[in-house]
Every structure is written in C-alpha cells, then in structure tokens.
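Position 1 is the first residue of the sequence, and the numbers go up from there.
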Amino acid sequence: MGQKVNPIGFRLGVRRNWSARWYANKHDYSKFLEEDNLIRGFLKKKLRFASVPRVVIERASTRTRVTIWTARPGIVIGRKGQELDTLRDSLNRTISKDIRLEIQEIKKPDLVASLVAENVALQLERRIAFRRAMKKAVQTTMSMGAEGIRIQCAGRLGGADIARTEQTREGRVPLHTLRENIDYGLVEANTVYGIIGIKCWICLKDEDKIF
C-alpha cells in the first residue's frame, strides 16, 4: 500500500494556514477541540447546500470568531440577514457560548477542490454517468485558469458489483513540491448502490489565493 499524505496538511505553515487558530493550555485544549468539532459538524449539517468548503475558527481570550467561506453567501445570510441571525442563535445555544459569525464569499468556486468534488458527487447522486461528470468538471476548472486538475472516483461506479477506482487528469499536479499551490477536497456521494468517494486535487497559479 502506498502511504498517502493530505496535500493541505503537508503544506501547513508553508503554503496554507491553519483552519483553527488558537492556543490553549493542557487543561483547555481538549475542551476547545471538542467545541471546534461541534461547531464544524453543526455548520456542515445546517449549510449542506450552501457550498461551504472551509470554516475558520479563531479564539482570543473569551471571544470566538467563526469565518464561513461560501460560494453562495445569499443562502447563508438570507433576506435582510435573517438566516444568519437564526444560524448564530442556534449555534450559540448548541455551544453555550457567544460566537461571532463572519461570511466570506468565494469568487471562483470552480478553483476550489472541495466544491468541484461536491459538484461531481451531486451529479453522481442524480445518476449522471461518472466519466461525463468528471470530464465536465475538469474542462470547467481548466477553463478558469488552473495549472492542472486530477479527479478520482472510487466505489461501485455505474452500479457495478465490484468496486473500482477511476481517475481523470489534465495539466500538471506536482504533489511532492511543497511550494506548489495545491488544493485538495474529499466528498462522498450517497448513491443507491452505496457510497462513492470523490477526491479532487487542483494545482493553482501562485497568484490564485482562494482562502
């Protein structure tokens, strides 16, 4: 078996920044970590269709700030900010803390690996052929100016009895080069035949800073 390293974790401190930015002593660390998991799980469930690839949690003394990166800010904010207020109140009740929410819009969702993989997953759930969905996603991302893209699907593709792995790629995706701007996303598609995993790697230009 080949040993795989998460491309985002591999580049932390070199190319990417942490998605949880806080420091805690040994007494508070586990409590904060559990809170982070609760916040992320809650937002993932509530904003499932809002295209949210990244949630950044920052803590300073007693304040907690959560930044939600989304390609559809209108769905998160709602009319006159009503949805955002409801989301904040629900989150505060769940965590029992006063949390400040911030919304950041993603200008180019076709260059975010998690959103590209999510798009392919939604198509597979609607029973669109996996090769067609992968090919379309590759063409769209390359037309937006990416250096390269690789998409991999694994599971009972096309309803086959035996699970297999298929992938398609275009351009360059050098995973071992630390200074390369690589984005990675993993999404699961819940099809009638079972779960299909979709992995996506996108090599971006140096000036393309998504987060």
Side-chain angles (χ1 to χ4, degrees), residues 1-73 75-77 81 83-106 109 111-118 121 152 154 175-176 178-190 195-202 204 209-211:
M1 290 290 288
Q3 306 304 308
K4 303 293 184 290
V5 177
N6 188 301
I8 293 170
F10 189 49
R11 287 167 177 78
L12 277 178
V14 180
R15 256 289 175 193
R16 297 291 290 259
N17 205 345
W18 282 260
S19 56
R21 297 169 200 161
W22 46 265
Y23 174 79
N25 58 38
K26 63 182 179 182
H27 304 295
D28 295 330
Y29 186 85
S30 57
K31 187 177 75 177
F32 286 172
L33 194 63
E34 194 178 351
E35 263 179 31
D36 280 12
N37 283 335
L38 267 173
I39 290 168
R40 290 180 199 282
F42 177 85
L43 292 174
K44 189 178 179 182
K45 192 176 174 183
K46 287 281 183 183
L47 305 173
R48 194 180 164 213
F49 301 106
S51 300
V52 177
R54 187 172 166 89
V55 174
V56 178
I57 300 169
E58 293 171 289
R59 296 175 196 272
S61 62
T62 55
R63 291 193 303 276
T64 304
R65 184 171 68 179
V66 177
T67 307
I68 301 168
W69 289 83
T70 174
R72 298 175 182 172
I75 293 176
V76 181
I77 296 165
E83 291 291 328
L84 189 62
D85 292 338
T86 309
L87 186 70
R88 188 189 294 112
D89 294 341
S90 302
L91 189 58
N92 288 345
R93 280 198 303 274
T94 306
I95 309 297
S96 303
K97 258 189 179 179
D98 187 31
I99 292 171
R100 189 173 152 206
L101 285 183
E102 283 188 12
I103 309 297
Q104 292 279 356
E105 186 184 0
I106 295 169
L111 294 179
V112 180
S114 296
L115 296 183
V116 172
E118 198 177 285
Q152 180 179 297
L175 296 179
H176 280 247
L178 271 171
R179 65 176 174 270
E180 287 293 345
N181 192 4
I182 304 281
D183 192 21
Y184 169 75
L186 166 63
V187 176
E188 291 179 346
N190 294 301
I195 291 174
I196 292 176
I198 298 108
K199 290 180 179 178
C200 180
W201 296 260
I202 297 176
L204 301 163
K209 197 172 186 306
I210 305 295
F211 303 118

Show me, pair by pair, the donor-acceptor contacts under 3.5 angstrom made by side chains of residues 92-101, not counting sequence neighbours?
from : atom 1 : to   : atom 2 : distance (Å)
N92  : OD1    : I99  : N      : 3.0
N92  : ND2    : R88  : O      : 3.4
T94  : OG1    : S90  : O      : 2.8
K97  : NZ     : E35  : OE1    : 3.2
K97  : NZ     : E35  : OE2    : 3.4
R100 : NH2    : E102 : OE2    : 3.2

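- With hydrogens and angles ignored, the 3.5 Å screen pairs no side-chain donor or acceptor of S51 with any backbone N or O of R72.
- Contact check for V14 versus R179: no side-chain heavy atoms found under the 4.5 Å cut-off.
- When atom types are taken as modelled, the side chain of R16 and the backbone of D183 share no donor-acceptor pair closer than 3.5 angstrom.
- Partners of E58 under the side-chain hydrogen bond (donor to acceptor under 3.5 Å, both in side chains) rule, at least two apart in sequence or in another chain, are R65.
- Put simply, the side chain of R40 gets close to the backbone of V55: a donor and an acceptor are under 3.5 Å apart.
- Between the OG1 atom of T67 and the CD1 atom of I103 there is a distance of 8.5 Å, given to the nearest 0.5 Å.
- With sequence neighbours left out, D36 forms a side-chain hydrogen bond (donor to acceptor under 3.5 Å, both in side chains) with W22, R59.
- For G185 against A117, the heavy-atom pair with the smallest separation is O-CB, 4.3 Å.
- One finds the CG atom of L178 at 10.0 Å from the NE2 atom of H176 (value rounded to the nearest 0.5 Å).
- Taking each heavy atom of Y184 and S114 in turn, the nearest pair found is O-OG, 4.0 Å.
- Applying the side-chain hydrogen bond (donor to acceptor under 3.5 Å, both in side chains) rule to K46 yields no partners; only residues at least two apart in sequence or on another chain are considered.
- In this structure, A50 and I75 approach most closely via the heavy-atom pair CB-CG2, 4.0 Å.
- Applying the 6.0 Å contact sphere to CD of E105 captures more than 12 heavy atoms from other residues, nucleotides or ligands.
- The minimum heavy-atom distance linking L43 with V66 is given by the pair CD1-CG1, 3.9 Å.
- For F10, the ring-ring contact (aromatic ring centres under 6.0 Å, His included) criterion is met by no residue, not counting sequence neighbours.
- Here the straight-line distance linking atom CD1 of I39 with atom CG of L91 works out to 5.5 Å at 0.5 Å rounding.
- In this view, W18 satisfies the side-chain hydrogen bond (donor to acceptor under 3.5 Å, both in side chains) rule with no residue, not counting sequence neighbours.
- Here the CD1-CG distance, from I182 to N6, works out to 12.0 Å after rounding to the nearest 0.5 Å.
- Between E180 and R15, the shortest heavy-atom distance links the atoms O-CG, 3.7 Å.
- For R21, the CZ atom counts as densely surrounded, since its 6.0 Å shell holds more than 12 non-hydrogen atoms of other residues, nucleotides or ligands.
- Minimum heavy-atom separation, A71 to L115: CB-CD1, 3.9 Å.
- Note that CD1 of I198 is 8.5 Å distant from CG of L186, once rounded to the nearest 0.5 Å.
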